Amino acid sequence: PFDFSLDRDQQCPRAEEFDAYEREYPLAGMPYGLPGLTEREHAVLTRWLELGWPWEGPPPLPGAVRRQVQEWEVFLNGDSLKQRLAGRYLFEHLFLAHLYFESDRDLNYFRLVRSATPPGQPVRIIATRRPYDDPGVERVYYRLVPERETIVAKTHMPYALGPKRMAKWREWFLEADYGVEALPSYAVEVAANPFVAFQALPVKSRYRFLLDEAQFTIMNFIKGPVCRGQLALDVIEDQFWVYFRNPDNEPLDRDADLLAREAGNLRLPSEAGSTALILSTWIEYSRLETQYLKAKTEFMRQRFSAGTRVTLDLIWDGDGANPNAALTVFRHFDSASVVQGLVGEPPKTAWVIGYPLLERIHYLLVAGFDVYGNAGHQLNSRLYMDFLRMEAEFNFLTFLPEGDRERLRDHWYRGAKQEVKDYVYGRKQHFDRETGIEYRSGDPQGELYGLLQARLKPVLAKRFGLDGVEDAALRRELQALARVSGPSLSWLPEVVILRVDQPPQPARYFTLLRNTGHSNVSHVFTEGQTILSAENTLTLVPGFIGAYPNALYALPGGELRGLTEAVAALASEADYRALADRYAVRRTRPDFWEHSDALQDAYAGWAPIEAGLFDYNRLENR
């Protein structure tokens, strides 16, 4: 039988061992656990190999694209200290991006790399584990190199470059009124702490940069190497909404003073390196976090005194045009997704993120994470992320009536230790200032969601709303399916791509996401004890969410009611197999690749910039 588990044992036989390996594992070839090539396809590949696998090489870049590469490399490699510091900051936040030019219809993607050679010379990449590791040369240059690997959805993070982007970066990082007396070193105690390394850069400039593409900023840890497997993902709820502090309302000058004073307490476990100890490292950084939270809470108390209150003006409204102002994060057990907009039904929890928190998330889980690090490094990163999640939830709670905060916190953290709850709201950080928002109902959290939705309405992305389905009958059936909740969903896969056929119209695609209910997400290794199946919900959206579909369904529109009834009635694995017999395109079907090709074409047509090849490694075979 095939083993499709994420952490299955895998082998890489040497050439002289391959014959024996093939005899022992005759079905282990690629594509693993999926229908093989046809005889005709196999003959084409065989002939190509016989000819010496000829390849004419990549096509040359168009002249307009080459000129833009040169223009951006000049911008990123100025000689002044201000330009060099800005270039380093930009690189450490964009090194995972697939950069492209807005005017390039062919979507040639590039990676930003550190090179020992300046623009105009062949790139000599400086390869290090982390983007802030010592490059070992007197000066680095930031170069754009074409992305030659196939674009796959699980790592594809597109980021547009154009005249407006360059103008913003000039304003924030080059024209802003500040000075740089010396460049920061690459010593780990400096380079691993962005509040030390980039202290000279204006806080507002840094925050504006991160907010401008907030989905990308969050996506770096969602699609980066840190988010692999259950242990890495059980630190977040299955669905939550994300809002951001308003950069024009926050007293960012005073924030800069606070960050300067607290830079030592804002150190992250990643500075301990890739071979960190677990217990001693954890105790040290837990102590630092507690000290920072005390300083932050006192800072907030001082700010919100003498009649100053927490109001909706503190929430960024996207400047009236930027859809990154509201995001939704979905966890799919061992992977995750982040999309623009407030998608799905109101979630159990929500985050409000300001600059210090957003920057720490990046340097903990992206810039400072080493996928090859030992268990101590990886576990310390996971444990510290608990702090960051709880801080984001605390920020959200401060917008609610003071008398309701602990009650909501206790609901979010049912079964958790009191010490954990105190990090969210309590002894560790207790904010005793009343909100300035006037509430009129007995459900302040739900009311706050409504107020925030109204504030952000001009910028909320609508692409994932079922209201956009024009066929009224189809829309009603989809809405009925989305309302299914409770224990029956425990048998449903995490991510299902649903194809609905209604000839003569083209097939329509939807994504069905299972959101698993939890009493809390503060426990490592014991997630099974926190699952509350009665609180399971579904999110059903037009289009595509997720890079690793767990199942593919295909059915006529007239059978949606039958699917809804079958999902609501699931009570055993046998029930699910019966459902899959009716609706699933299993990985064993001879026509699997026909369905896959149609699916990929639809994805590329629906989201030409975001789309990439799906990863079928987590496709179930139930």
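Please read all numbers here as calculations on a predicted model, not as lab measurements. Numbers here simply count residues along the sequence, with the first being 1.
Around atom CZ of Arg414, more than 12 heavy atoms belonging to other residues, nucleotides or ligands sit under 6.0 Å away. Other residues, nucleotides and ligands contribute at most 12 non-hydrogen atoms within 6.0 Å of the CD atom of Gln529. Remark: Glu22 CD is loosely packed, at most 12 non-hydrogen atoms of other residues, nucleotides or ligands lying under 6.0 Å away. Counting non-hydrogen atoms of neighbouring residues, nucleotides and ligands closer than 6.0 angstrom, the CD atom of Glu41 exceeds 12 such neighbours. Counting non-hydrogen atoms of other residues, nucleotides and ligands closer than 6.0 Å to CZ of Arg40 gives a total of 12 or fewer.
Salt-bridge formation is detected for the pair Arg165/Asp212: a Lys NZ or Arg NE/NH1/NH2 atom is positioned less than 4.0 Å from an Asp or Glu carboxylate oxygen. Using a 4.0 Å cut-off between a side-chain N of Lys or Arg and a carboxylate O of Asp or Glu, Arg389 and Asp386 qualify as a salt bridge.
In summary, of the residues considered (Arg514, Lys348, His518), a side chain to side chain contact (heavy atoms under 4.5 Å, CB included) with Asp238 occurs for His518 alone.
Side-chain contact, Asn322 with Asn324: a donor N or O sits under 3.5 Å from an acceptor N or O. Of the N and O atoms on the side chains of Thr349 and Glu237, not one donor lies less than 3.5 Å from an acceptor on the other residue. Side-chain atoms of His332 and Ser337 include a donor-acceptor pair closer than 3.5 Å. For the 3.5 Å distance criterion, the side chains of Tyr32 and Gln10 fail to qualify, holding no donor opposite an acceptor. Side-chain polar atoms of Asn515 and Thr537 form a donor-acceptor pair below 3.5 angstrom. With hydrogens and angles left out, the side-chain atoms of Ser522 and Tyr423 include no donor and acceptor closer than 3.5 Å.
Using a distance-only test at 3.5 Å, with no hydrogens or angles considered, a donor-acceptor pair links the side chain of Arg587 to the main chain of Leu619. With Asp319 contributing its side chain and Ala321 its backbone, the two residues share no donor-acceptor pair below 3.5 Å.
Judged by a 6.0 Å distance limit and a 45° cone about the ring axis, Arg618 is not positioned over the six-membered ring of Phe333. Geometric assessment of Arg622 against the ring of Trp491 yields a negative cation-pi assignment under the 6.0 Å and 45° thresholds.
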Between side-chain atoms of residues 449-456 and protein atoms elsewhere (two or more places apart, or another chain), which donor-acceptor pairs fall under 3.5 Å?
{"from": "Tyr449", "atom 1": "OH", "to": "Pro347", "atom 2": "O", "distance (Å)": "2.9"}
{"from": "Tyr449", "atom 1": "OH", "to": "Gln445", "atom 2": "NE2", "distance (Å)": "3.1"}
{"from": "Arg455", "atom 1": "NE", "to": "Leu312", "atom 2": "O", "distance (Å)": "3.0"}
{"from": "Arg455", "atom 1": "NE", "to": "Ile315", "atom 2": "O", "distance (Å)": "3.0"}
{"from": "Arg455", "atom 1": "NH2", "to": "Ile315", "atom 2": "O", "distance (Å)": "2.7"}

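Nearest heavy-atom pair across Trp593 and Pro31 is CZ2-CG, 3.6 Å. Closest heavy-atom contact between Gly318 and Val459: O-CG1, 4.5 Å.
Under the 6.0 Å cut-off for aromatic ring centres, Phe399 and Tyr243 do not qualify, their centroids lying 6.0 Å or more apart.
With a 4.5 Å cut-off on side-chain heavy atoms, Ser533 and Leu489 do not count as touching.
Between Phe544 and Tyr603, the ring-plane angle classifies as tilted under the 30° and 60° cut-offs.
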